[in-house]
**Q** 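This is the structure I have questions about; it appears just below.
Proteins come first, then strands; the chains are lettered A, B, ... in the order of their sequence lines, and each starts at number 1. Values in this document were obtained by computation on a predicted structure and should not be read as measured data. Values below: every heavy atom of this structure, side chains too, minus hydrogens, waters and symmetry copies.
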Amino acid sequence: MTYNFNEIEAKWQKYWSDNQTFKASNTSDKPKYYVLDMFPYPSGAGLHVGHPLGYIASDIYARYKRHKGFNVLHPQGYDSFGLPAEQYAIQTGQHPALTTETNIATYRRQLDQIGFSFDWSREVRTSDPKYYRWTQWIFIQLFESYYCKDSDMARSISELVSVFETEGNTTINAVCDDDTPSFTAEEWKAFSDVEKQEILLKYRLTYLAETEVNWCPALGTVLANDEIVNGVSERGGHPVVRKKMTQWSMRISAYAERLLQGLDTIDWTDSLKESQRNWIGKSVGASVTFKVKGHDEVIDVFTTRPDTIFGVSFMTLAPEHDLVSQIVTDEQKEAVEAYVEATSKRSERDRMADVKTISGVFTGAYAEHPFTKEPVQIWIGDYVLASYGTGAVMAVPCGDQRDYDFAKHFGIDIPNIFEGVDVSEEAFASKDNVKIANSDFLNGMNYKKATKRAIYELEQIGQGQGKTNYRLRDAVFSRQRYWGEPFPVYYVNGMPQMINEKHLPITLPEVEKYLPTETGEPPLGNATDWAWCTNTNSVVSNDLLVSSSGVETSQDNGVYPLELNTMPGWAGSSWYFFRYMEDAMRNETFASEEALKYWENVDLYIGGSEHATGHLLYSRFWVKFLKDRGFVGVDEPFKKLINQGMILGTSAFMYKLICWHGADNSDEVLNFIEQTKDSVFMSESFTKGYNVEKNLEVLSKDKLNSEIDLHVLTIPSFLKSNFPGNDSIIDNLKFGFQKFQVDVNLVNSSDELDINGFLNHQLYQEYKNAKFIFEEGVYKVGREVEKMSKSKYNVVNPDAICEQYGADSLRLYEMFLGPLEQYKPWNTAGITGVHGFLKKLWKLYYNDQGFKVTDAEPTKDNLKTLHKTIKKVEEDIENFSFNTSVSTFMIAVNELTAQKCTSKEILEPLLVLISPYAPHIAEELWSAFGHDTSISTVDFPVFEASHLVESSKEYPVSFNGKMRFKLELPLDMAKDEIEKIVMAHEKTQAQLQGREPKKVIIVPGKIINIVG
RNA sequence: GCUCAAGUGGCGGAAUUGGUAGACGCGCUGGAUUCAAAAUCCAGUUUCUUCGGAAGUGUGGGUUCGAUUCCCACCUUGAGUACCA
């Protein structure tokens, strides 16, 4: 019997599917455990070997937990809204739903062949109306909520309205926009309906606001910062402008403090928590109000250093600051306007990139120092950002390097307020070990005391107070795209209204084109038929009907426009982990109360670190919101989180010879150069000794050493023999090369190119007549480790691996490659190691005659091998150190093979240990014992320490900490006895060469160290 | 610039409270088997060596009987973030 992995794997995959082996139950006596992967976006390219890494790790853990007696939920689904399907639709007209469907089918086939223990009965797809119905529902709940600072939680907006009706908004402590006016109950009652809605919008947790965005008119969409390169769009190179647009936003800033505090309660890596902390960017300080001389306006600033307030010698406003145009003097008007104009043309990114250039303009206006009442110059400068704090700073040049540089550059005073510190060269930014001077009531105080006192004094004169500022900004929630969730929103008199819940889902309408409309509206503006109302049977008086241009009510027959934006990718991914908890996929709620109560939150979440500040922050925000409103019982979505590292590809490079002539541009020469273009490829070793010139690697003769000289000679002589009759031209040519990635499938493990394969490959038709400069008779490619990607031609497909070596080999090898969290290069050649291991494992159970396991009593050695393996594997899985348990399995199988072990008592539990990693072979061998049920829920073997007890120890004997020889001694031997034997040993005497040891250290059971 | 992570053979990596550096695998070398190849099996494989040994975990210091592991400084690489007041 041989190990026929293809047959075995297909058999067990079918068995698991037919028997619903991994279907989780929402009722069980066992403790629950929820293992989740970040669900994939089903791209058209399918899976490469890098994708399953995290899924294999989570699958091993899920299977292990089942063996350990847990009721495990291990679901999978698809984040199926997104840009690539939409781009494809724009290019081909193919509906994104169809593309998505096809891609999902491919993903499913590829995932199935790897043997994951997913409960597919709970699959979710974010683009499924049955799913996004609840995304829309959550959006409505956010709209119907505000954030109450007193109870520190979200509450219903109706509670806010009743407070307004009785007290106005002067007493309530709620999160709202900065420009919210104050009003009394009477004033509130007097507001028109539209005015009331405008006010409420400033409190809602999702709201419409003017947001500055990167608008690309040619693409008709908003671009993220990283989609812009050098001021033009990355795709197509179209111009991009800063533009204010009305967009939906999420008031995540209300949750800043709780998102920060919550990090202390979850088991994530420090680096990930640190990213989130930086992103939230909490800073504690004070807000200070400066009066503007000769104006009624005041300027508010935020500072982390109120203790340095007497060091203020000027103020700087962001060029975009609202007050600039009001306070500028006539003399300075021209200069200021020119500066504001110049700044507005530079993107935010340009301004950030160009840190060294100091620029700014004096406004001519003066503020008044809150304490000294001295005049303070007001400048504008682009080092102050409109989007952070209040867009204005009080400049303390002696205590802040940027203020210092600005003051130096424009010749502004730099008063020193630090005792015994020299600020003639640079600012003193440290808070420690210094006392404040020249500062009236703050003199002689340290940072802490002075800060407290300064805030107190500011409060006394009504010009400031302690304040905490967060960098975290509200998240824009609108996209001008087609393939996303439609908003359940229509507009009456310009104010957004929620569509009644009973009409959900608001399904995505069909459109002719997936591009923006001619009037610049998002793609949904092309829709003529919004079919969502067909879901309800009866239409009552205040129900909404759909017409081609919007919605209408049967009451007044008015027609109201619908929201045409769609939601961003992170909408659906911010709550999907709750949907999996629902076992029957009931549609009365997003997940039933019992299901939410039973599964609580995700115990283990595995995914990439690229989501550190996006998905992982938004999900935490939504979960806290849902908790506040009583829809879920947990405060955090993911208790433990592990970031799997990326598997990198090994790209193969070919080198195209480029010839040119520095001086002679005659037709003859140009002709020859044209002839050799795209037709000569040099082997990797010929690329050494080149310098970069004109974006090419150029062979530079003066920098050569003798080894490379040979190459200098080889290239001309190669050309001479392949292009005869051009000797004199060739002698005067310069050479360089251009490298490009060649498909790794055309290269073998010795880096040799398959020449015939290359010449006949349809990708390389332009090189049909290529000539190759060989190295030792073959064409050798260069290698570089890069991200695995189709565009780099370095993708390794798991299908091919499964076919040739099997899924169990793939699973083991992905784990064997290295620590889960680490980035590591893929090298297919190495898979023979784990594949060979599986064959060896098979041979422990089968020989040519058949199943060879016996009832023989296990030997002491057999038991020792088994139990040290149990111990190690259990520890490894608990520590997510999967690579080391693969080694442990190899050692165990090598030892048992050497021991000629055939004992059932050893070989049966061994299978349970291996089963999480290589489930197919484990099931097959398990069934060979006569078991007729799956191995997947068999109890994990119990470690017994008694089998590992030793009577003697091979002591390492060290001299000055260096191990020199070993000595076998009984473990129960006393220290002084050991010392006697060691000192008498001939090798000890040889080491000491007659000297007396200074000291002898003996740690019983561990080591002997002799200090000479 | 700041924050975080990481530097160990030809390669991926191991060494879990400081106690035998290089487990396990790939690759490579030699051998067995074979007409031959694949597959399989056996032996070797950090470097230097006068074959006794000696050095060695990015660099330089330190703590310790003993450091890949702890401390300080520096170098390199990767990731994130950035004029954050």
**Q** Nearest of B/rU40, B/rG12, B/rG13 to any side-chain atom of A/Gln822?
**A** B/rG13

**Q** With a 3.5 Å cut-off and no angle check, do the side chains of A/Gln401 and A/Asp405 form a donor-acceptor pair?
**A**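 The answer is yes; a qualifying pair exists.
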
**Q** Taking the basic N atoms (NZ, or NE/NH1/NH2) and the acidic carboxylate oxygens, is any pair closer than 4.0 Å for A/Asp264 and A/Arg277?
**A**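 A salt bridge is present here (some side-chain N lies under 4.0 Å from a carboxylate O).
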
**Q** With rounding to the closest Å, how many angstrom separate the C1' atoms on B/rA67 and B/rG60?
**A** 16 Å

**Q** P atom, B/rU16 versus B/rA23: distance in rounded Å?
**A**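 It comes out at 15 Å once rounded to the nearest Å.
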
**Q** Counting only side-chain nitrogens and oxygens, does A/Arg471 get under 4.0 Å of the OP1 or OP2 atom of B/rA82?
**A**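 Yes, within the criterion.
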
**Q** Does B/rC11 have OP1 or OP2 sitting under 4.0 Å from an N or O in the side chain of A/Arg783?
**A**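 Answer is no, no contact under 4.0 Å.
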
**Q** Answer with yes or no whether the side chains of A/Thr289 and A/Asp300 bring together a donor and an acceptor at under 3.5 Å.
**A**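 Yes.
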
**Q** With syn defined as a glycosidic angle within 90° of 0 and anti as the rest, where does B/rG22 land?
**A**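 B/rG22: anti.
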
**Q** Rounded to the Å, how far apart are A/Glu274 CD and B/rA79 C1'?
**A**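 Checked: the CD to C1' distance equals 14 Å.
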
**Q** Report the nucleotide, chosen from B/rU3, B/rC65, B/rU16, that has the shortest atom-to-atom distance to any side-chain atom of A/Glu875.
**A**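 Nearest to the side-chain atoms of A/Glu875, counting from C-beta on, is B/rU16.
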
**Q** With rounding to whole Å, what would you report as the distance between B/rG56 and B/rA5 at their P atoms?
**A**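 Their P atoms lie roughly 28 Å apart.
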
**Q** Can you tell me how far P of B/rG19 sits from CZ of A/Phe965, to the nearest Å?
**A**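 That distance rounds to 21 Å.
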
**Q** Where the side chain of A/Asn1009 is concerned, which of B/rA82, B/rC83, B/rG19 is the nearest nucleotide?
**A** B/rG19

**Q** Please report the distance separating the C1' of B/rU57 from the corresponding atom of B/rC70, rounded so that it comes out in whole Å.
**A**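 My reading of the C1' atoms in B/rU57 and B/rC70 gives 16 Å.
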
**Q** Can you check the distance between B/rU45 and B/rC26, where both ends of the measurement are the C1' atom (answer in whole Å)?
**A** 13 Å

**Q** Could you go through nucleotides 52-54 of chain B and list every protein N or O atom that sits under 3.5 Å from one of its N or O atoms, giving the distance for each pair?
**A**
from: B/rA54; atom 1: OP2; to: A/Arg964; atom 2: NH1; distance (Å): 3.4

**Q** Taking syn as any angle within 90 degrees of 0 and anti as the rest, which one fits B/rG9?
**A** syn

**Q** Can you measure A/Gln644 atom CD to B/rA5 atom P for me and round it to whole angstrom units?
**A** 19 Å

**Q** Does the salt bridge (Lys or Arg N to Asp or Glu O under 4.0 Å) test come out yes or no for A/Lys792 and A/Glu784, once each step is laid out?
**A** CA-CA 11 Å; A/Lys792 297 183 198 296; A/Glu784 260 173 59; over 6 Å; no

**Q** Looking for any heavy atom pair under 4.0 Å, which part of the strands does A/Asp876 touch: base, sugar-phosphate only, or nothing?
**A**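 It contacts base atoms.
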
**Q** Looking at A/Tyr3, A/Phe837, A/Phe5, which hits ring pair (Phe, Tyr, Trp, His ring centres under 6.0 Å) with A/Trp842?
**A** A/Tyr3

**Q** Would you please indicate if the ring centroids of A/His985 and A/Phe965 are separated by under 6.0 Å?
**A** yes

**Q** In terms of side-chain heavy atoms of A/Asp382, which of B/rG12, B/rC83, B/rG80 is nearest?
**A**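 Nearest to the side chain of A/Asp382 among the choices is B/rC83.
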
**Q** List RNA chain B stems (3 or more consecutive Watson-Crick/G-U pairs, under 3.5 Å)?
**A**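 Result, WC/G-U stems under 3.5 Å: B:1-7 with B:75-81, B:10-12 with B:24-26, B:27-32 with B:40-45, B:46-48 with B:53-55, B:58-62 with B:70-74.
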
**Q** If I pick the P atom on B/rU68 and the same atom on B/rU20, what distance separates them, to the nearest angstrom?
**A**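 Per the computed distance, 10 Å lies between those P atoms.
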
**Q** So, is A/Tyr388 close to the B/rA85 phosphate, meaning a side-chain N or O under 4.0 Å from OP1 or OP2?
**A** yes

**Q** Establish, from distance only, whether the side-chain atoms of A/Asp876 and A/Thr884 form a donor-acceptor pair under 3.5 Å.
**A**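 Short answer, yes.
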
**Q** Please list, pair by pair, any protein nitrogen or oxygen found under 3.5 Å from a nitrogen or oxygen in nucleotides 20-26 of chain B.
**A**
from: B/rU20; atom 1: O2; to: A/Lys966; atom 2: NZ; distance (Å): 3.0
from: B/rA23; atom 1: N1; to: A/Ser887; atom 2: OG; distance (Å): 3.4
from: B/rG25; atom 1: OP1; to: A/Asn894; atom 2: ND2; distance (Å): 3.4

**Q** Here's a test for you: under side chain to side chain donor-acceptor pair (under 3.5 Å), which of A/Asp307, A/Thr308, A/Thr303 qualifies with A/Arg305?
**A** A/Asp307

**Q** Toward the 5' end of RNA chain B, which comes first, A/Val1011 or A/Ser283, by nearest nucleotide?
**A**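 Per heavy-atom nearest nucleotide, the more 5' residue is A/Val1011.
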
**Q** Taking OP1 and OP2 of B/rA39, is either one under 4.0 Å from a side-chain nitrogen or oxygen of A/Lys839?
**A** no

**Q** Which residue lies toward the 5' end of RNA chain B, A/Ile1008 or A/Lys824, if each is placed at its nearest nucleotide?
**A**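 So the residue in question is A/Lys824.
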
